[in-house]
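I have placed the structure first, in the form of structure tokens, so that the comments after it can refer back to it.
Each chain gets a letter, A, B and so on, in the order the sequences are listed, and its residues count up from 1.
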Protein chains: 2
Amino acid sequence: MQLDEIDKKLLRLLQEDAKQTSKELSHKLALSVTAVYERVRKLENSGVISRYVALLNKQKIAKDFMVLCHVKLTQHKKEYIQQFEREVMDLQEVTECFHVSGDYDYILKICVRDMEDYRHFMLSKLTSLQHIASTHSSFMIAEVKNTLTILV
Amino acid sequence: MQLDEIDKKLLRLLQEDAKQTSKELSHKLALSVTAVYERVRKLENSGVISRYVALLNKQKIAKDFMVLCHVKLTQHKKEYIQQFEREVMDLQEVTECFHVSGDYDYILKICVRDMEDYRHFMLSKLTSLQHIASTHSSFMIAEVKNTLTILV
DNA sequence: TCAATAAACCAAATTATATTCAGATGGAAG
DNA sequence: CTTCCATCTGAATATAATTTGGTTTATTGA
């Protein structure tokens, strides 16, 4: 789908606050409510906008102890990779998991309550996964930037 | 704020799809529309729900070449840290930046179009930041998991 | 040049949803 | 037992989403 400057501005606005009404958006974009509505629908139908979600304050729910964990597998067999990825999908503490090039195979972002919970997660969940050769945990001192807004 | 099981289920639902109507939610939670509405408002006012956003499909907008870049600073002086973090905030390609413990000081997630754009980003933006001692890029082979849903 | 066409626009009407209101219910504390 | 408070309910109202009908604008090909 071809995006013009109005679409791009609309996407920026919706990525920051999806609860704005079409009327508010229409003012910011200098368009009518209907025009905004049709642009949004088009962006949704074409798949550019994939979905709308609520974001939680991790501190308020005590899940703000975060760790980036580097994982190396024993072998790069397709079977091992698939099994590891399937198992990681089911770990609710793992909010992100990236298969990467370089010294390690995977980088995981883990959100738990505190160090004690992380220890428990490591011992009883992560290291019980199959085919892991080694792990290396980097504790998060600060979440300097975490924007979901991608500037088109 | 104290969360009961209904609140937790509600948060799960809204983290997956924030466009559900109160009526739909009321069915899933076996409550009245008003009861759902008041719970949501409470979660918003207390700050548990921080905001609502639209998510984009990175492939559709050609920003699906992702890199995790490890950065080490020359010194851990407060001034250097602050300057680095301020500068990173302004780089639109950097969607996440974590200050971490360990061998490196920062881990950045970068979203661009392709390798050429990444090269340009590295040469003309990242490495021109002050006080960087070294960087190490891990290219993303696959985004195995990237959920925004935190299970409360 | 100038109709034909399609895309994008607008205002108004309609439909659906969000929000408020006025009680009802059900513990918990005195 | 009764008061209080939190939570709930259905109905009423306010607001927003969505549809409708028609206009403008840009493009294109005869």
Side-chain angles (χ1 to χ4, degrees), chain A residues 1-63 113 147-152, chain B residues 1-63 113 147-152:
Chain A
M1 177 180 171
Q2 191 60 28
L3 303 173
D4 66 14
E5 286 308 311
I6 298 176
D7 288 320
K8 290 177 185 176
K9 186 170 178 188
L10 178 53
L11 288 174
R12 266 199 297 282
L13 292 168
L14 290 175
Q15 284 184 100
E16 289 300 327
D17 176 8
K19 271 289 160 76
Q20 296 174 85
T21 62
S22 299
K23 194 197 278 186
E24 289 171 312
L25 293 169
S26 72
H27 289 144
K28 293 177 185 173
L29 298 171
L31 277 180
S32 70
V33 170
T34 308
V36 169
Y37 176 75
E38 280 172 355
R39 277 175 182 268
V40 172
R41 184 166 54 178
K42 213 164 174 182
L43 291 165
E44 290 168 354
N45 290 342
S46 69
V48 172
I49 295 176
S50 57
R51 60 192 180 120
Y52 297 90
V53 301
L55 300 181
L56 306 193
N57 180 331
K58 289 197 275 289
Q59 285 175 19
K60 298 269 179 177
I61 55 173
K63 297 284 180 188
R113 173 188 296 269
T147 179
L148 293 163
T149 303
I150 300 169
L151 293 180
V152 187
Chain B
M1 177 182 172
Q2 191 61 24
L3 303 173
D4 65 14
E5 286 309 311
I6 298 177
D7 288 320
K8 291 176 185 176
K9 186 169 179 188
L10 177 53
L11 288 174
R12 264 198 299 283
L13 292 168
L14 290 174
Q15 284 184 102
E16 289 299 327
D17 177 9
K19 271 288 161 76
Q20 295 174 88
T21 64
S22 299
K23 195 198 281 187
E24 289 172 314
L25 293 169
S26 72
H27 288 146
K28 293 177 185 174
L29 298 172
L31 277 179
S32 70
V33 170
T34 308
V36 169
Y37 176 76
E38 280 170 356
R39 278 174 182 267
V40 172
R41 184 166 55 182
K42 214 165 177 182
L43 291 165
E44 289 167 354
N45 291 341
S46 68
V48 172
I49 294 176
S50 57
R51 61 192 178 117
Y52 298 89
V53 301
L55 301 182
L56 307 193
N57 179 332
K58 289 198 273 290
Q59 285 175 17
K60 298 267 181 180
I61 55 173
K63 297 283 181 190
R113 173 188 295 271
T147 180
L148 294 163
T149 303
I150 301 169
L151 293 180
V152 186

Q | Check: D:dT18 base within 3.5 Å donor-acceptor of A:T34 side chain | A | no

Q) Does the A:K60 side chain pair with the main chain of B:S46, one donor and one acceptor, at a distance under 3.5 Å? A) yes

Q: Between A:R41 and B:A35, name the one whose nearest nucleotide on DNA chain D is closer to the 5' end.
A: B:A35

Q: Assess whether one donor atom and one acceptor atom, taken from the side chain of B:T21 and the base of C:dA16, lie less than 3.5 Å apart.
A: no

Q. Rounded to the Å, how far apart are A:L29 CG and C:dA8 C1'?
A. 14 Å

Q. How about B:D4 and B:R39: do any of their side-chain heavy atoms sit closer than 4.5 Å?
A. yes

Q. Rounded to whole angstrom units, what separation is found between the CD atom of B:E38 and the C1' atom of D:dC8?
A. 8 Å

**Q.** Gap between atoms OH and P, on B:Y37 and D:dA14 respectively (whole Å)
**A.** 14 Å

Q | Whole-Å distance separating the CZ atom of B:R39 from the P atom of D:dT7 | A | 7 Å

Q. Roughly, in whole Å, what's the span from CG in B:N45 to C1' in D:dA6?
A. 16 Å

Q: Looking at every strand, decide which applies to B:K42 at a 4.0 Å heavy-atom threshold: base, sugar-phosphate, or nothing.
A: sugar-phosphate

Q: Round to the nearest Å and state the distance from B:D4 atom CG to C:dG27 atom C1'.
A: 15 Å

Q. How many Å lie between CG on A:L25 and P on D:dA17, as a whole number?
A. 9 Å

Q | Ion pair A:K8/A:E5, N-O distance below 4.0 Å | A | yes

(Q) OP1 or OP2 of D:dA17 versus the side-chain N and O atoms of A:S22: is any pair under 4.0 Å? (A) yes

Q: Starting at atom CG of A:L31, determine the distance to atom P of C:dA11, rounded to an integer number of angstrom.
A: 11 Å

Q) Given side chains that start at C-beta, do those of B:D7 and B:K42 come closer than 4.5 Å, heavy atoms only? A) no

